[in-house]
Asks: 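Starting off with a structure, shown below.
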There are 2 protein chains.
Amino acid sequence: AKKYAFNVSPPAVLFLGFILLIAIGSLLLKLPFATHAETSWLQSVFTATSAVTVTGLVILDTGTHFTLFGQIVIALLIQIGGLSFMTFAIVAALSLGTKLGIGQQMIAQEAFNQTSLEKVAHTAKYVLIYSLFIELIGFIALTVIWLNDLGFGKAAYHAFFYTISSFNNAGFALNSNSLMHYFDNLSVNLVITALFIIGGIGFLVLIDIKTQKKWRKLSVNSKIVLISTLIINLFGFVLIWILEAGNPATLGQLSIADQAIASWFQAVTPRTAGFNTLAIEELTNATTTLMILLMFIGGGSLSTASGLKIGTFVVLIMATYTFLRRRDDVVILQRTIPQQQVMKALALAIVSITIIFIGIFILTAIEKAPFIDIVFEVVSALSTVGLSRGLTAQLSMGGEILIIFMMIVGRVGPLTFAYFLATPKKKHIKYANADIQVG
Amino acid sequence: AKKYAFNVSPPAVLFLGFILLIAIGSLLLKLPFATHAETSWLQSVFTATSAVTVTGLVILDTGTHFTLFGQIVIALLIQIGGLSFMTFAIVAALSLGTKLGIGQQMIAQEAFNQTSLEKVAHTAKYVLIYSLFIELIGFIALTVIWLNDLGFGKAAYHAFFYTISSFNNAGFALNSNSLMHYFDNLSVNLVITALFIIGGIGFLVLIDIKTQKKWRKLSVNSKIVLISTLIINLFGFVLIWILEAGNPATLGQLSIADQAIASWFQAVTPRTAGFNTLAIEELTNATTTLMILLMFIGGGSLSTASGLKIGTFVVLIMATYTFLRRRDDVVILQRTIPQQQVMKALALAIVSITIIFIGIFILTAIEKAPFIDIVFEVVSALSTVGLSRGLTAQLSMGGEILIIFMMIVGRVGPLTFAYFLATPKKKHIKYANADIQVG
Ligand SMILES: [K+]
Ligand SMILES: [K+]
């Protein structure tokens with residue numbers, strides 16, 4: 001058992017930590033000076049859960065329903081929920097033997113094999129400092145951008161809120177229509193998308209880039225995540241542009257340059273930032289279908305993003321390709337993916353799809369809403385994206401409880417899986433092979 | 001290569017056979033005396049494809065648009081498409097080394113290791129005779145049931161058509177509203193559901209039952225297929241009853257007994273018979289969601305049914321369970337599922353979901369229809385179920401071509417997979433392991 005840095009199960013710690021944070025957040029948001037109007041317990045729990053799980057689905061308008069105090073509580077819940085989750089996940093992954101692929105630098109993997117709490121604390125500190133540094137740059141950039149329009153105080157406050165919300169892929173906004181006001185503002189679009197893409201790409205990849213500097217020196221994992229992210233984002237960008245160019249309610253009335261900016265923003269935000277500069281409920285069904293896929297895939301592992309994860313998605317695609325090519329080993333960039341990783345990806349996909357199916361089934365039974373809105377809402381909640389076609393605000397009490405459940409499972413679930421992967425297996429009886437008909 | 005009974009690739013033979021059969025069927029259905037009204041080439045190709053792939057999606061009403069000649073052509077296309085596919089699949093599976101699990105009886109597995117065309121012909125003959133015998137019983141039963149109402153000639157003709165359509169899980173009906181007229185007729189419901197459940201359970205399971213007679217002697221595959229079929233059917237039955245009991249457009253106005261009959265029928269028909277006794281477009285969204293799952297799962301392997309297949313579904317569930325229990329071997333009923341079978345199930349699921357996603361995406365882009373109708377239609381076509389919420393009749397030309405494509409892929413696809421599984425693997429370079437972040 002020398003491989004473990006914890007004596008208690010990491011997923012249990014994380015889950016209890018989340019529940020505690022949500023409880024504290026709910027209490028704070030229920031305080032009379034946190035809101036301008038009456039707030040029910042369910043509403044404050046929903047809001048706290050959405051913030052802690054960095055989802056961004058809202059039933060109360062963040063900018064008008066909550067006071068400055070309430071908004072700062074939300075921002076802090078996002079920051080603590082987002083960063084502590086990422087840090088915890090990284091520490092757990094490293095302590096469970098995940099290779100960094102960067103030799104003996106800053107974070108020495110061997111350290112974690114010694115169950116040294118000191119080293120764990122060191123990693124955690126490093127991840128936090130690195131994150132705060134990126135946030136600081138984002139904060140300064142946004143303050144400068146908004147200075148003229150909003151004045152220093154308001155610009156700084158908005159920059160504070162949106163930096164936290166972006167880097168943590170939370171998607172909370174101070175405006176009821178998210179960032180639609182800034183659909184044609186290139187600097188706001190660039191800074192915000194940069195923040196959530198960096199936050200969502202995965203910390204190990206960031207470290208790898210920072211350490212190795214050159215492309216060919218990067219680990220296979222980093223290369224795959226970077227290439228896939230680029231392909232998926234460009235793919236979404238082009239398709240959304242094509243599908244919405246003729247839609248007068250979204251891109252139709254815009255200049256070519258503005259169409260490009262808005263298409264880019266709307267293509268990258270489903271994975272899993274959750275901001276929008278176009279009206280989500282006005283998007284065509286084809287774009288909505290595409291976005292459901294993008295939300296399902298999600299961002300990078302060990303990041304502030306959620307979803308199936310880009311690595312899982314690539315492993316599944318490559319495992320299928322391997323089978324169709326009649327090969328045994330799943331090979332990516334001349335590296336073999338261990339069978340155990342393939343089985344993990346399979347299990348993650350089946351569990352995710354099962355939860356999504358059950359969520360859709362229950363919501364169709366209890367809510368009066370178009371099917372597409374329900375599918376969109378459920379995937380958005382489980383992948384902690386936070387985009388909605390308007391269903392969130394109309395949910396019944398049962399629907400709100402279901403979405404709360406989805407957000408927590410969507411955020412805590414993957415780490416639980418990572419834990420399962422790394423814990424020792426029990427020995428079992430070896431059974432003879434069966435010949436089950438498949439296909 | 002002594003394991004092969006064919007010198008040409010079985011999937012290629014099957015695919016070309018299907019295309020040839022569809023071409024002949026289209027020509028015959030285009031003949032002036034095949035229809036009462038003008039029929040376009042696309043319409044006749046669509047109808048022939050739907051019949052040959054035993055799907056049952058129709059853009060022309062079988063009973064009123066087609067003459068007796070046309071209807072008989074459709075019935076023969078179903079019979080040839082359904083039975084020849086099943087026979088071919090069984091022969092291919094056996095020749096590729098699938099164990100029957102029934103020792104040296106009727107169909108000796110060893111025989112197929114000798115590439116003996118004689119033995120293959122023997123198996124094919126056996127499968128066909130066995131099938132025709134079951135159909136004969138169904139035909140007699142339905143003729144007797146309908147004798148009083150329709151008179152001998154019409155009763156026999158209806159029995160002929162519905163027996164073929166049922167046993168082959170084709171779902172074609174002589175009435176535009178399928179079997180809604182018989183929603184409360186217990187004998188019609190029992191005979192028709194028995195025919196398509198038997199046809200869809202898988203030939204190897206039928207042989208096993210016929211040979212072993214006792215439950216404990218059945219192969220693990222047979223037990224799993226039978227138990228899962230029972231569980232899924234009962235599960236669907238209870239849920240549909242609960243979900244539709246309050247729906248005045250479906251079960252709401254019926255007596256308890258009729259509700260039971262109709263719920264049973266509508267629970268078993270999505271896998272993948274495709275008849276209906278309730279109005280599909282009037283079902284609640286929750287029932288529709290459930291049916292999408294049932295259609296996706298489909299029937300048994302090496303049967304007249306299509307879909308992902310019950311064995312594939314069970315293997316995926318058990319592989320996920322195995323991962324979550326931190327075990328290495330996927331074990332069902334004290335038998336280990338070989339890793340290769342798990343990978344096949346994974347590949348089948350990923351390919352199916354990908355095709356369904358692309359189908360939904362294209363249809364949302366080119367058709368003006370509610371999202372739920374599109375999802376339902378695409379899954380129905382790929383699993384060759386044939387149920388529709390009304391979209392089939394409204395499809396654009398592009399939509400019709402897409403659905404034709406889906407039906408062919410849905411029917412021919414699984415055999416191609418089976419073939420891939422059994423063909424020899426090439427040797428490849430062994431690469432070092434990569435550490436891709438999953439989840
Ligand atoms: K989010
Ligand atoms: K069918």
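None of these values were measured; they are calculated from a predicted model. No hydrogens, no waters, no symmetry mates; every other heavy atom, side chains included, goes into these values.
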Asks: Just how far is it from atom OG of Ser352(A) to atom CZ of Phe296(A), taken to the nearest 0.5 Å?
Replies: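 Ser352(A) OG to Phe296(A) CZ: 5.0 Å, rounded to 0.5 Å.
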
Asks: At a heavy-atom separation under 4.5 Å, does Leu239(B) approach chain A through its side chain, its backbone, both, or neither?
Replies: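 Only the side chain of Leu239(B) comes within 4.5 Å of chain A.
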
Asks: Is Ile366(A) close to chain B through its backbone or its side chain, or both, or neither, when contacts mean heavy atoms under 4.5 Å?
Replies: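 For Ile366(A), no heavy atom lies under 4.5 Å from chain B.
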
Asks: Pick one of side chain, backbone, both or neither for Val342(B), based on which atoms fall under 4.5 Å of a heavy atom in chain A.
Replies: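 The side chain, not the backbone.
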
Asks: Val375(B) versus chain A, heavy atoms under 4.5 Å apart: side chain, backbone, both or neither?
Replies: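 Just the side chain, heavy atoms under 4.5 Å.
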
Asks: Only pairs of heavy atoms separated by less than 4.5 Å count here; which of Leu293(A), Ile224(A), Val315(A), Leu316(A) has the most with chain B?
Replies: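 When all of Leu293(A), Ile224(A), Val315(A), Leu316(A) are compared, Leu293(A) has the most.
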
Asks: Please look at Ala305(B) and chain A and tell me whether the side chain, the backbone, both or neither of the residue comes under 4.5 angstrom of a heavy atom of that chain.
Replies: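 Contact with chain A is absent: no heavy atom of Ala305(B) under 4.5 Å.
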
Asks: Using side chain to side chain contact (heavy atoms under 4.5 Å, CB included) as the criterion, list what pairs up with Thr284(B), not counting sequence neighbours.
Replies: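 Expected list: Leu243(B), Glu244(B), Asn247(B), Ala286(B), Thr287(B).
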
Asks: Would you please say whether a donor-acceptor pair under 3.5 Å links the side chains of Arg411(B) and Thr384(B)?
Replies: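 No, because no side-chain N or O of Arg411(B) sits under 3.5 Å from a partner of the opposite role on Thr384(B).
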
Asks: For Ile232(B), enumerate each residue passing the side chain to side chain contact (heavy atoms under 4.5 Å, CB included) test, keeping only those at least two apart in sequence or located in another chain.
Replies: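 Partners of Ile232(B) under the side chain to side chain contact (heavy atoms under 4.5 Å, CB included) test: Arg271(B), Leu294(B), Ile297(B), Ile310(B), Phe313(B).
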
Asks: Go through the atoms of Ile353(A) and report whether side chain, backbone, both or neither lie under 4.5 Å from a heavy atom of chain B.
Replies: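 Contact with chain B: side chain only.
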
Asks: To the nearest 0.5 Å, what is the distance between CD (Gln339(B)) and CG (Asp328(A))?
Replies: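 With rounding to 0.5 Å, CD (Gln339(B)) is 9.5 Å from CG (Asp328(A)).
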
Asks: Short question: side chain of Thr272(A), backbone of Gly307(A) - any donor-acceptor pair under 3.5 Å?
Replies: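 Answer holds: no.
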
Asks: Given heavy-atom pairs under 4.5 angstrom as the criterion, report whether the side chain, backbone, both or neither of Ile372(B) touches chain A.
Replies: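 Both parts, heavy atoms under 4.5 Å.
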
